[in-house]
Amino acid sequence: MKPSRLTTSSQTWTAVDAYTISHLHPPSKKNSAVLLDALTQSRDEGLPDIASYPVIAKFYALQCRAMRVKHALEIGTLGAYTSIFLATENPGMQITTIEVDPHHYKVAQQNVAHAGVLEQVTAKLGAALDVLPELAKEIESGGKPRLGFVYIDADKSNNWKYVDVVIPMCESGAVIFVDNIVRGGDLVDRAKKDASTAGSRRVVEMVGKDDRLDGVVLQTVGEKSYDGILMAVVR
Ligand SMILES: C[S@@+](CC[C@H](N)C(=O)[O-])C[C@H]1O[C@@H](n2cnc3c(N)ncnc32)[C@H](O)[C@@H]1O
């Protein structure tokens, strides 16, 4: 039988990412050094190696630019790699990012300061469901613009709750991305009942039923293997 393209190895996916990013975001780019510093510093501080990879972070940064987003939200900061990518690629944009782990938050603040984007990136410490009502008040009072872009990348079991809570903070046409939806295919493996997979299924099923949103899931391969992102647009 002819080998299916699906058997292409993850080594090939990684090589393709390395090739494309080396041309489309080479070390000579203005922000390449600070992005690398953020990863190195995060690793040296003992943070887990679970930051979004460069292709995905740049994809989000370009989405924000194309949509002329004024205010972006990230749930799950880690060492602020993606926040720094978003900020340095979109100098006029504000970013709010929420992190529950005090050590991750501290490292993120250091990385944001080192990258020179402290004025653009507001990092908030706490569990996202506790912090989001504070942000909602800031937006309602006009202290911050409505959200044009949301990136959900934290505890997967709360994926749907986060989407549900952020919708009223969004402008019409805002885009919400939820990471790690496909999970190597676990999404459709009924034997997989762990909380993260259940959280991925719930957000897909709830977005499909919600008249406030229109969504799609994009499967991805790359240096972090086979996964996918949910994209939902706020009506
Ligand atoms: C996959 S990492 C985020 C990576 C980051 N978005 C990036 O692209 O560099 C997930 C982060 O979410 C944080 N987290 C987990 N549960 C959370 C919660 N309830 N509220 C806020 N952050 C949470 C974890 O501590 C971890 O730092």
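Numbering of ligands and ligand atoms starts at 1, following listing order. No experiment lies behind these values; they were computed from the predicted model shown.
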Could you give the side-chain donor-acceptor pairs of residues 43-64 under 3.5 Å, partners two or more places apart or in another chain?
unit_1 : atom_1 : unit_2 : atom_2 : d
S52    : OG     : Y151   : OH     : 2.5
K58    : NZ     : L24    : O      : 3.0
K58    : NZ     : H25    : ND1    : 2.9

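R146 pairs by the salt bridge (Lys or Arg N to Asp or Glu O under 4.0 Å) definition with E140, not counting sequence neighbours. Annotation: salt bridge (Lys or Arg N to Asp or Glu O under 4.0 Å) contacts of E134 (sequence neighbours excluded): K124.
Using a 4.5 Å heavy-atom threshold, the side chains of I75 and N158 count as separate.
In this structure, a donor-acceptor pair under 3.5 Å is absent between the side chains of Y162 and D153.
R212 and D164 are joined by a salt bridge, as a carboxylate oxygen and a charged side-chain nitrogen come within less than 4.0 angstrom of each other.
Within 4.0 Å of ligand 1, protein heavy atoms belong to I50, A51, S52, E74, G76, T77, L78, Y81, T82, I98, E99, V100, D101, H104, G126, A127, A128, Y151, D153, A154, D155, Y162, listed by chain and number.
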